[in-house]
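Worksheet: the structure to be examined is printed underneath.
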Amino acid sequence: MSGPDVKYAHALRAALDRALADDPRVVVFGEDVAVAGGIFGVTRGLHATHGDRVFDTPISENLIVGMAVGMAMRGLRPVAELQYADFVFSAGDEVFLKAATWRYSHDGAVDLPMVVRMACGGGGFGPEHSQCTEAYLMHTPGLRVAVPSTPADAQGILTAAIRSDEPWFVLEHKYLYGTSGPVPEGDHVAEPGRAVIRRRGEHVTIVAWQDMLRRALAAAEVLSDDGIEAEVLDPVTLDPFDLDTLVGSVRRTGACVVVEEAPVTLGVGAEIGALLMEHAFGWLDRPLVRLGIPDVPVPTAEHLVAALVPSVDDIVAAVRRQVG
Amino acid sequence: MSGPDVKYAHALRAALDRALADDPRVVVFGEDVAVAGGIFGVTRGLHATHGDRVFDTPISENLIVGMAVGMAMRGLRPVAELQYADFVFSAGDEVFLKAATWRYSHDGAVDLPMVVRMACGGGGFGPEHSQCTEAYLMHTPGLRVAVPSTPADAQGILTAAIRSDEPWFVLEHKYLYGTSGPVPEGDHVAEPGRAVIRRRGEHVTIVAWQDMLRRALAAAEVLSDDGIEAEVLDPVTLDPFDLDTLVGSVRRTGACVVVEEAPVTLGVGAEIGALLMEHAFGWLDRPLVRLGIPDVPVPTAEHLVAALVPSVDDIVAAVRRQVG
Amino acid sequence: MLPAELRLRILRTAVLTRRFEERAARLARAGAIPAAIHLGTGQEVGQIAALAALRPDDPMLYGHRGAGYWFARGISPATVLADIAYREGGTNRGKGGVMHVVDPARGVLGESGTVGGNFVLGAGIAFADRQLGRDTVTIVFFGDGTSNRGQFHEAANFAAIARLPLVLFCENNGWGLSVPASVSTSVDDIATRAAGYGMPGVVVDGCDPDAVFAAVAAAAARARAGGGPTLIEAKVPRIPAHFLGDKEHYRTDADRQAAVDRDPLPRLVADVRARGLLDDDGLAALEAEVAAELDAAFDDVLARPLVAPATAFEGLYP
Amino acid sequence: MLPAELRLRILRTAVLTRRFEERAARLARAGAIPAAIHLGTGQEVGQIAALAALRPDDPMLYGHRGAGYWFARGISPATVLADIAYREGGTNRGKGGVMHVVDPARGVLGESGTVGGNFVLGAGIAFADRQLGRDTVTIVFFGDGTSNRGQFHEAANFAAIARLPLVLFCENNGWGLSVPASVSTSVDDIATRAAGYGMPGVVVDGCDPDAVFAAVAAAAARARAGGGPTLIEAKVPRIPAHFLGDKEHYRTDADRQAAVDRDPLPRLVADVRARGLLDDDGLAALEAEVAAELDAAFDDVLARPLVAPATAFEGLYP
Ligand SMILES: Cc1ncc(C[n+]2csc(CCOP(=O)(O)OP(=O)(O)O)c2C)c(N)n1
Ligand SMILES: Cc1ncc(C[n+]2csc(CCOP(=O)(O)OP(=O)(O)O)c2C)c(N)n1
Ligand SMILES: [Mg+2]
Ligand SMILES: [Mg+2]
């Protein structure tokens, strides 16, 4: 990946800015996205550049997502923001029963080219502002789900989502907004459903994304000192999910650890485990290990969150136990 | 199980009736539950017997569940009805962000002795009135989830849920309301977290509940004619989940098929697969097989639903492929 | 006052709707077609008059009560029946059945399965059309019971702020399934809630096509001119049970009879007769014509195969 | 008119709140404690006066703005600081932090993290207490921005129907984070929405403790007598930024200054002085007493350890 270093938040903004400039059908809206530029600063400046196509809504989450569905039906390409990924439940009817089913219920009479962006994860925000809700979305047929981890993917996947005719939910991790990385110049679009091997290794496959990907990569360095070479796989999108790259990696390594920032029970790791049983059973030397939040909500205090969310040490220890 | 034959719907009603009679803190409410007795007839007669403690609400799902949470905080024991299990999303904020987190956020300062009952599954109702939403609930720390399959369990688990100090979500299957089975007389309470082996067998463990349990049992009879003896396990509750009984069964049989009426991806079967990897890896002769709805919404036409939901034949074929 | 031709067109569509629903209910009761129908008997005249006041391409999200919405937009009885009966030639091929009849070219955009979902979708539709330079007015139909969902509030507030070209058309039939409006709704007239959003709220007799037409025409003109949304509440009778299998144990005979007495169809027939627009022969001819159309449609559709099971796998994504 | 003793109590609690928040903000800006605080500067007098009109055990769901709600109910500054700073001795041991201070014996029941969740929970609380034979009145605090969530509608409608003993207390500070009420809310006075539910709606100057007290006392008396809910809208200034890190790029200096000019605390101080209830010495003594209390509380709490990490695993179930 070459290109200048860009912050994750700025890469997202660049995707929005370009989409607004290129396509008059794109509108960007949500709470505090216009004049304030978003509570995490992603949309800063867009209202000044693009005027009323970037607008603030009332605190009405059902409206925000429902309006996106209605707009998309008629040919706009809405990009809505929910301030926190937990709020998919505040707009539950519209997310899980409208965006997911509308096209199917009406046998494809209309497409839903819509995107919902939202911030997930982290600590200090409490049980209703911290959740990584990707598993709920992934269990729902009809929704596309992205969990970009790098600025390049943030920009590329958001761009792809906006250009897609399908309803996309893009989870942006709070702790990544300030991180930097190279982003290709020009019109950068990522292809959904393509996992990226972030690190090559032969002893174990670690699947992780967003903040857990950073920890997994750090853990892989520690493990490397012991002679354990972990392959680190970033799925980038969870729906579509790149089964081939996962299966290919695990068939090589024979072991898999999934690390996620969500409850273990029925977390994405459960699906990965089941997929590996179905597609890599004979190749698995040892059972899958799932690391995630033990089954409690996300507390507010950062140090309590730290006690729950897998750490670099937790990952190192789990891999050692598994591979060792 | 001995006792007179009772219909599933009547067994649920008996649980409500007794709870209302025994405990003045119990209230029963929801849309059309009072005078009409519920759209599936479960609450019929309760308003006449118990008066205003059984009452109708407006069409306001956020209110229905939110009120239950507020009532429970203050010492009532609300039993709310959502007409369809899909409507957990219509009350998404209250189900996933209030009932699930409130006790934890406030470090146990209040308990939430509440129950939400709802009808799930079946065909002819369309994508927003047919879903079996148990996987969403099971992924959520803080929610208890029951999927009773027999009249005895319906009565016993609902009774246990009402007496519990925890927030329970009880999924009632539409196709089971009219089915009959023995229910113990007197005060019948089931213990949550105890799976029931509905049929003994040594070749494969089939995990199924509600309408899929009926199909699994029918499939087991067909398979028996071929000399394949399936053990059929009914989890009864998904949270708490009876891991021991599952693992014990699969360690005996060496193979497992999960059958569910929900999308395969991140369905309950995914969790069972991951659990088996973690707890029965060495005992599994062959990979888990997941049967469920391929990843599309539930259509309206019954014959389309039938094309998606696992049938007796599908189960027979899957087991034969797996065990044969 | 409605021009004669339009009045007759409303009558014809109302008769078509009534007879269609009668046949469909008969077949459903006999088990020949699925029974997931909510009859619109007594509400169809208001529905059709409301749509007569809009352009044929104005976006609409309809309610769950009856076929009048679709016939008013020119969707054929055969098409609707095919959707009801899961046959080929409908609009949603068994995916949505009677709940999700759709025809975007005619502005027929669908219905939220969870009642009340329409409000927020409708706001988006109205916003989109204006943004895309279309001078349409979006209409959202909903029942009195449905008005108590939170989405009503969120959509009404935003529609008023953004001056969306939107008509919120409430069919208040006094019941939400088994619950009387007096039990579910804290005000007698839902239209009084409009003031809380700074939008006009109008109560009309939903059995009077002139009144309904005038109210919707005024709201649409206002909306098209940039004046923003209007809440119209049409008082209508609930003549049928909520759904086909509903025994209405919760309802008195007197209440049901009072609804029957308000039936707008005999009233409209008397009206066209009194105006000299149609005599007995004309009415008989109309009924005969409708019957012939329906005979043909029902025969045609019921001879068609069910949609193929494989269609269950199609339609989720482009 | 407020009795002298009560007026002084309100003043003392308001001063305690103001000084507490100033210290907490200073520490948070310095990184010594978490910064997840929304200051209540300028809204605390109204909050405290509202709660003074209720019984000390009347259930309350508070808003996110400030510590006044808790101090009005006698929760100590040390306890609140312990919650803010995740130390032992708070009410939620790091689970909920500043958002979920709780003390059921004092009627302090918590706050929905998603703003607006309070409405429907509050309806349940009011219902439960009545059902259980308690003659309490439940109060729900919320901001102008929050009033646009659907839960407001669902709860207001049901509260009116069921005549719940409920006071909906809106603190309209003209802003929902960065969005002015004029952009988010389609009416000037949120209280006008009350008519749409058939409940009284009252606008009061939220900087005038007499007016707030009188409005809440009347609403509570009405509610306790079975008369049902009331919507009270207190107009208050938004003096601070939305949250601590908020730079308020979206706001003009003039708007901020206008808010500062409405600060009710100097006004209350002038008032008690004019009434001869407190002279300069008395005020200095009050400030000194508060300072001493806060010195002690802050020293005490900040010397405590963080709650043990293992507490993260506790509290989900009984
Ligand atoms: C969110 C939601 N709640 C409940 C239902 C079930 N339901 C369908 S129609 C209906 C009654 C609607 O009443 P109203 O809006 O007055 O319309 P009417 O049937 O009287 O025309 C109910 C409760 C639903 N479909 N969606
Ligand atoms: C459902 C939901 N949406 C958005 C937020 C984020 N948020 C917290 S406070 C706030 C503004 C609230 O405005 P208002 O109700 O007027 O209260 P104020 O801050 O002005 O006191 C927002 C948008 C949230 N917590 N919950
Ligand atoms: Mg109605
Ligand atoms: Mg405000």
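Letters A, B, ... mirror the listed sequences (proteins, then strands); counts begin at 1. None of the values given here were measured: they were computed from a predicted structure.
Looking at B:His50 and B:Asp17, their side chains do bring a donor and an acceptor atom within 3.5 Å of each other.
Salt bridge absent: D:Arg134 and D:Asp57 never bring a charged side-chain N and a carboxylate O closer than 4.0 Å. Here B:Arg163 does not pair with B:Asp23 in a salt bridge; the nearest charged N to carboxylate O distance is not below 4.0 Å.
Heavy-atom distances place no part of D:Ala105 under 4.5 Å from chain B, backbone and side chain included. Both the backbone and the side chain of B:Asp165 come within less than 4.5 Å of a heavy atom of chain D. With a 4.5 Å cut-off on non-hydrogen atoms, D:Arg130 does not touch chain B at all. Using a 4.5 Å cut-off between heavy atoms, D:Ser112 contacts chain B through both its backbone and its side chain. With a 4.5 angstrom heavy-atom cutoff, B:Pro141 touches chain D via backbone and side-chain atoms both. With a threshold of 4.5 angstrom between heavy atoms, B:Asp111 approaches chain D through side-chain atoms but not through N, CA, C or O. Proximity to chain D (any heavy atom under 4.5 Å) is restricted, for B:Ala100, to the backbone atoms N, CA, C and O.
Annotation: maximal heavy-atom pairing with chain B below 4.5 Å, among D:Asn92, D:Asp103, D:Leu61, occurs at D:Asn92. Options B:Met73, B:Arg103, B:Arg25, B:Met67 differ in how many heavy-atom pairs under 4.5 Å they form with chain D, and the most are formed by B:Arg103. Taking B:Gly142, B:Pro167, B:Ser105, B:Pro24 one by one and counting their heavy-atom pairs under 4.5 Å with chain D, the maximum is reached by B:Ser105. If you tally non-hydrogen atom pairs under 4.5 Å between each of B:Met71, B:Arg53, B:Glu61 and chain D, the highest count goes to B:Met71. Contact count against chain B (heavy-atom pairs under 4.5 Å) is highest for D:Leu109 among D:Thr311, D:Leu109, D:Thr91. Heavy-atom pairs under 4.5 Å with chain D were tallied for B:Val69, B:Thr101, B:Asp93; the largest tally goes to B:Asp93. For the options B:Gly108, B:Ala109, B:Ala72, B:Ser60, heavy-atom pairs under 4.5 Å to chain D are most numerous at B:Ser60.
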Open item on the list: Before you tell me yes or no, could you show the steps for D:Arg87 and D:Asp300 under salt bridge (Lys or Arg N to Asp or Glu O under 4.0 Å), namely the whole-Å CA-CA distance, both residues' side-chain angles and the distance that decides it to 0.1 Å?
Closed with: CA-CA 10 Å; D:Arg87 307 303 165 112; D:Asp300 169 10; over 6 Å; no

Open item on the list: Checking D:Arg193 against D:Ser186 for the side chain to side chain donor-acceptor pair (under 3.5 Å) test, could you report, in this order, the C-alpha distance in whole Å, the side-chain angles of both residues, the deciding distance, and whether it holds?
Closed with: CA-CA 10 Å; D:Arg193 290 186 172 163; D:Ser186 64; 3.1 Å; yes

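With respect to B:Val54, the side-chain contact (heavy atoms from CB on, under 4.5 Å) criterion is satisfied by exactly one of B:Leu16, B:Val26, B:Leu46: B:Leu46.
Put simply, CG on B:Asp239 and CD on B:Glu166 are 8.5 Å apart, with the number rounded to the nearest 0.5 Å. Taking OG1 of B:Thr159 as the start and CD of B:Gln155 as the end, the distance is 5.5 Å to the nearest 0.5 Å.
Geometrically, B:Arg144 engages D:Tyr317 in a cation-pi contact, judged by NZ or CZ lying under 6.0 Å from the ring centre and within 45° of the ring axis.
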